[in-house]
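All remarks here apply to the structure that follows.
Here is the naming used below: chain letters follow the sequence lines, and residue numbers restart at 1 for every chain. All figures in this text were calculated on a predicted structure; none of them were measured in a lab.
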Amino acid sequence: MKIAVCIKQVPDSEARLRVAADRRWIDEEDLRFVVNESDEYALEEALQIAEHTDGEVVVFSLGPERVREALRKCLALGASRAVHLADEAFAGGDAIATGRALAAAIQNGGFDLVVTGSQSDDVGFGATGSILAGHLDWPHVWLVMGVEIEEGGASAKVTREMESGMNEVIRLRLPAVLEIQAGLNKPRYASLKGIMQAKRKEIATVAPSDLGLDPSVVGAAGSRVETLSVAFPESSGGAEMIEGDAATAAGVLVERLRKEARVL
Amino acid sequence: MTFAVWEKILLLVLVAGSTGLFLQGLRPKIDHVRAGRADRVRTDRLNSRILRVIKEVVFQTRVVGGRPVAGLLHAMVFAGFAFFALETADHFLEPFEIPLLAAIFGGALPLFKDFLAVVAIMVAIGIVGLAFRRFVLVKVSPDPKSYSSGIVALMILLLMLTYLNGVAVEPLYERANWWLHALLIIAFPPMILGSKHFHILLAPIAIFLRTHELGEYLPLELDEEVLMAAEEEISLGLETMADVPWKMRLDFLSCVECKRCTDQCPAAGSGQELDPRAFILAGRAALEGDGAVIGNVITETALGQCTSCGACESICPVGIEHLQVLMGAKRAQALASGKGMVAGDFLESVERYGNPFKATGSARQKLIEELGIPIYQPGKTEYLLWLGCVWTYNEDARGSLVATIELFAQAGVSYGVLESESCSGHHSRRQGEELQFQTLAKDNIERLQQQNVAKVVTGCPHCFHSIRREYPTLDESFSVETVHHSELLLELLEQGKIQLDRRAGHGRKVTFHDPCYLGRYEKVFEAPRQVIRRAGFDLLELPRRRERSFCCGGGNAGFMSQHEEQNRVDLERKREIRESGAEVLVTACPECKMMLDAAVEETVDLAELLAKAARSPTEASLSGQG
Amino acid sequence: MPGKIWIVVQHRDGKLHRMSREAVVAGQKLAAAVGGTAQAVVLGHGVEPVVEALTHYELDAVLVAEAEALVDYTPGAYIGVLAAAVAERSPTHLVFGHSYQNVDYMARLAQAVGGSLVSEVVGFEQGDEGLVWRRPIFGGKLQSRLRVSGPAPVVVSVQSGAFSADEAVAGSAERQSLDSAAAVPDREILGVEEVSGEHVDLTAAEIVVAVGRGLGDPQKMGIIEDLAAALGAEIGASRPVIDSGWLPRDRQIGSSGQTVAPKLYLAVGVSGAIQHLVGMKGAGTIVAINKDAGAPIFAIADYGIVGDLHEIVPALTAAVREAKAGS
């Protein structure tokens, strides 16, 4: 099977974030960027499916120059080539514009399956995969916990996480878009051999015109959701220490939890 | 006895036939070994190798040490074989009327024959004992019951009985007895080819060729340009059987199936899948093909369970290097396939942050400032205190570090830490990630050399082993004296630099857990025990201790994440610790401490225990005046 | 243009999903903020109890699409019905609870109807900058403020717990029917399975009481159980507690156990070793009770009490019971 995997490069989860001077986004300078967590699981799932079906995996990512590093890592893990939606015009898109761009890049590639993470660790809309599926007019499943390819690639049995500790097992026709929940497999490690082989693999760079898209329908220009500002939420310092004897402290704590934190 | 011509001819034909069969059977085995990849030099330091053979083969030290009763029986049989060599030669020369023994012993010949009779009785007892143990005492019997070994045992017994009959005052069926004895010997060489008794031939060779130290890994050539140029030809660990070097092939053939390795393995002992003997025997079977090592020799699951504790190899009586197999397979995982690794996250964290705790350098800076730890001054400071990741980044380990620096201060030790320090690379190497290990090690070597460090002290046995034993193999110019804090603390006690109030330890029952890399790998067994005793505590020894210590489960990066759900190594060890009746568990490894925490009332590092008994400097000086 | 807010509810076994009750509150508040009306939308088959419950809220209408094809959720059927209804009735906003089922299809719905999407909002304000949405980014480390322009509708999901279901305004609403002809399932549902039989899924718990070795004695577990019962919480534990056999392993939180992110996390006698912290630092509100004021857990807690847990926990249980009885 020919499988497309969409990945996003996001700041390392342990990174100390700073708000940028214009307060519209974070300051990306000196930040370490990594492959989004659920996308790592998506890539592993795609690689395993490709291994079982004698297929190949092509990785797609949208973002600035730094994204090449993430794509290179995916190539080291076993993807056969990569496509980088690198043009400035793609930048600043909302989920719908980004989904449109990715769909255009994938549309005519002869893919049997798109696999991507369920949610990005930075913005976290959990939407790009479903929207991509909408643009392609393929079925999709969000929060995938298991995949079994059936009928030689004509359909797939997919386990989807539901609330309250239940999973739903469904069957859908392929091609389809699967949005993978982190934890469904054990992602492989980028081996030295893989890293060396990746140096010889291709990363294609595409602009909107290469995809037959007008620059006004992608990126910030094609988006309707605009970020006005970002900020640290209030009251994220150390603990507020509650004094007094046991009964007093317990009373004050319950009061705080009800009125201030509003969790009771 | 005189022999007819036809008897002489028959004997010669049989001996020639036996020799032919033996050589024919030997041939494929030699081919298997010769097919192996090039290996390290295995004939250096000849004296030490010969001494080792004398110790372990002639005096059977490991055989007896690992399993005293069976070992002693084995030593009896082995001694018999050695003494019987001359008798056997004499037996075959007898028809040709060449009196070999008479020529050697002259008038003392009867005495020698009597001595041999005693030896024969000893061997008979030995072999019957071994067979009884193997086939009757099911519980301790190694399985699978090898029938060929039973037949060989029976042959040895008959050999002894026919000898005894032959030297009796009135032998029964003297001629038949003579022939039976000869035939048994003639049948022996072809027989052992297919049985575990083949070790008689291979064990001394494997023991001679074994690495000098436990877990001596050859650094891989990982220069990127060299690798790129060499393309597919460079072996990155044991991917397929074609990558298996010749000594490892010899090891696979040498195995005597005694199962001591498996009995000693903490993973196997906790009910996990890993079984050292099984993978050695699987390696033997896999010699026939050129399949993948992972899957044919050892499963991914079993490989992930190895904590690299070295218990299997350290007890092997026939010189097999289990660790080389495990390391080879792990290298193939990390460097070639990347699949099925249990601690990929650990390696990613070390790659990104330089430590497995995902902590930033500022956390270390803060720690140094808060505790007022001095920075190493070249030319002025004596000891470089190597902190290691756990002491630096794990809040729970703060007490161990504080106790250590307090004791150093009290004893007036001149010490300091580096401005920056990255992971020693110990666990990276154990995961097979040789590139990460070498990168980290070379960084650290450079840091230490820049500061002209001559002496390193550390509380972490993992860092200790890598810095002391492995860094010098990467860089010949790297030469520092590396000690574990237990050794330095003992020295300070001996010099009287730490004042003790022995009442602190009075009546408190403590036990000590030997960390693998301090004990088994670096042979530091006495220092921590002496510190405990000098501090006035009652030391209760654990059943599994010293060379035979049982891993805490923290190796293989297990101290950062539990790889196994069930049958955990740490829980098995904790059970043993609880049953010892001790109130305090003393460890001398920050990782063991993390794993074994809460086993009993209190778990402390050796330094913390000593600090409890050490009087503060003021107190000490006050009592000095009084 | 006055707002026409649709609150698309989720239900199971004739009951409204908790997050949908919160979504009703968000929808009512949104209607008040932008000046308009709120309507509830129910999709399914045999949904009368749900519709009945919704008619007691202050809503403009309860729109009901009934069809056998809507018995089980599938995105094809749900999007089909809702897209047709949106085309016919032109709502300005569609409000969802940010539940797994809703996230599965709402983004695609937004795209299908030519609208916009704002996912997992925690609040909104109508002001000089227009209607501004607030939502967490970077796993809650930061918050962003968003504004939407362009054609309606705006599809919005609200984060669990961001709005209190208690604040719903009661009233009455009239039932109206929606056309359900476009309900065409696009998935074959083979079945539902429990993730694991004996496994305790702490990740689903809204409140977790985690116990550490500070408890000192497994016989004292009763006070923890009482507190958990009062709060309606699951009990979790740090590694030493599990290793000592005080609680089964499926209750372990941390690097070798489960990773949880409940609304409220009470760490009782937990020192906060790094292996534990990685498993719970995503929790909404963290309360730490520990006798050691220097315990690392206090560094990441929102509220802390230093003292003997054997006194504080029973007092807290009493205070919680009292507060619940009073509300």
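Both the backbone and the side chain of C/Gln143 come within contact range of chain A, with heavy atoms under 4.5 Å apart. With a 4.5 Å cut-off on non-hydrogen atoms, C/Ile207 touches chain A through its side chain but not through its backbone. For chain C, the nearby part of A/Thr159 is the side chain; its heavy atoms alone come within less than 4.5 Å. Residue contact with chain A, scored on non-hydrogen atoms closer than 4.5 Å, is absent for C/Val154. For C/Ile297, no part sits under 4.5 Å from any heavy atom of chain A, backbone or side chain. Heavy atoms closer than 4.5 Å to chain A are found nowhere in C/Glu206, neither backbone nor side chain. Residue C/Val313: no heavy atom, backbone or side chain, is found under 4.5 Å from chain A. Only the backbone of A/Ala15 comes within less than 4.5 Å of a heavy atom in chain C; its side chain stays farther off.
Between A/Thr227 and C/Leu146, the shortest heavy-atom contact is OG1-CD2, 3.3 Å. Across A/Gly124 and C/Ser119, no two heavy atoms sit closer than the pair O-OG, 4.2 Å. Between A/Ala261 and C/Thr285, the shortest heavy-atom contact is CB-OG1, 3.6 Å. Across all their heavy atoms, C/Arg108 and A/Ser130 have their closest contact at CD-O, 3.6 Å.
A/Arg18 CZ: more than 12 foreign heavy atoms inside a 6.0 Å radius. Annotation: A/Lys186, atom NZ; neighbour count of heavy atoms from other residues, nucleotides and ligands within 6.0 Å is above 12. Other residues, nucleotides and ligands contribute only 12 or fewer heavy atoms inside 6.0 Å of the NZ atom of C/Lys291. Heavy atoms from other residues, nucleotides or ligands lying under 6.0 Å from CZ of A/Arg66 number more than 12.
Annotation: the span from A/Glu161 atom CD to C/Asp104 atom CG amounts to 12.0 Å, rounded to 0.5 Å. Atom CG of A/Leu228 sits about 4.5 Å away from atom CZ of C/Arg147, to the nearest 0.5 Å. One distance of note links CD of C/Glu129 with OG of A/Ser229; it measures 7.0 Å at 0.5 Å rounding.
A 4.5 Å side-chain heavy-atom check between C/Gln111 and A/His135 finds at least one atom pair inside the cut-off. A/Arg256 has its side chain out of reach of C/Asp302: every pair of non-hydrogen atoms, C-beta onward, lies at least 4.5 Å apart. The shortest side-chain heavy-atom distance between C/Glu188 and A/Leu172 does not fall under the 4.5 Å cut-off. Side-chain atoms of A/Val169 and C/Val192, non-hydrogen and from C-beta on, never get closer than 4.5 Å to each other. Side-chain contact between C/Tyr265 and A/Val263: absent, with no pair of heavy atoms (C-beta onward) separated by less than 4.5 Å. Taking the side chain as every heavy atom from C-beta outward, C/Pro75 and A/His140 approach each other to under 4.5 Å.
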Notebook entry, point to check: Which is it for C/Arg135 and A/Val123 under the side-chain contact (heavy atoms from CB on, under 4.5 Å) test, yes or no, and what are the steps along the way?
Noted result: CA-CA 9 Å; C/Arg135 64 182 301 280; A/Val123 178; 3.7 Å; yes
Margin query: Using the rule given for side-chain contact (heavy atoms from CB on, under 4.5 Å), can you reason through A/Met241 versus C/Phe298, listing the C-alpha separation, both sets of side-chain angles and the distance that settles it, and then say yes or no?
Written below: CA-CA 9 Å; A/Met241 301 308 285; C/Phe298 287 118; 3.7 Å; yes
Next item on the list: For the pair C/Ile189 and A/Glu168, evaluate side-chain contact (heavy atoms from CB on, under 4.5 Å) and give the outcome as yes or no after the intermediate values.
Entry: CA-CA 8 Å; C/Ile189 295 167; A/Glu168 187 182 55; 3.7 Å; yes
Next item on the list: Could you check C/Arg145 against A/Glu226 for salt bridge (Lys or Arg N to Asp or Glu O under 4.0 Å), going step by step and ending with a plain yes or no?
Entry: CA-CA 9 Å; C/Arg145 295 169 65 250; A/Glu226 177 196 5; over 6 Å; no
Check: Could you go step by step and tell me if A/Arg173 and C/Arg187 meet the side-chain contact (heavy atoms from CB on, under 4.5 Å) rule?
Finding: CA-CA 8 Å; A/Arg173 308 302 301 172; C/Arg187 289 176 184 171; over 6 Å; no
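With chain A as partner, the option from C/Pro262, C/Ser157, C/Pro151, C/Ala205 having the largest number of non-hydrogen pairs under 4.5 angstrom is C/Pro151. Per-residue counts of heavy-atom pairs under 4.5 Å with chain A were compared for C/Ile286, C/Leu142, C/Asp186, C/Ile305; the largest is that of C/Leu142. For chain C, the option among A/Arg160, A/Glu179, A/Glu243, A/Arg262 with the highest count of heavy-atom pairs below 4.5 Å is A/Arg160. Each of C/Ile137, C/Leu190, C/Asp308 has some count of heavy-atom pairs under 4.5 Å with chain A, and the biggest count is that of C/Leu190. Of all the listed residues (C/Leu109, C/Val287, C/Leu117), the one sharing the greatest number of non-hydrogen pairs under 4.5 Å with chain A is C/Leu117. With chain A as partner, the option from C/Ile312, C/Thr74, C/Val103 having the largest number of non-hydrogen pairs under 4.5 angstrom is C/Val103. When each of C/Gly150, C/Gly307, C/Ser99 is scored by its heavy-atom pairs under 4.5 Å with chain A, the top score falls to C/Ser99.
Using modelled atom types, one finds no donor on one side chain facing an acceptor on the other under 3.5 Å when comparing A/Arg224 with C/Ser149. A donor atom on one side chain and an acceptor atom on the other are found under 3.5 Å apart for A/Glu260 and C/Tyr303.
Near-neighbour residues of residues 245-254 of chain A relative to chain C, defined by a heavy atom under 4.5 Å from a heavy atom of that chain, comprise A/Ala246, A/Ala247, A/Ala249, A/Ala250, A/Gly251, A/Leu253, A/Val254. Against chain C, the residues from residues 141-149 of chain A that qualify, each with a non-hydrogen atom under 4.5 angstrom away, are A/Val141, A/Trp142, A/Leu143 in number order.
Take A/Pro11 and apply the side-chain contact (heavy atoms from CB on, under 4.5 Å) test, not counting sequence neighbours, and it matches A/Leu17, A/Ile26, A/Leu31, A/Phe33, A/Asp122, C/Phe138. Listed by chain and residue number, nothing satisfies the salt bridge (charged side-chain N to carboxylate O under 4.0 Å, His left out) test with A/Asp94 (two or more places apart in sequence, or in another chain).
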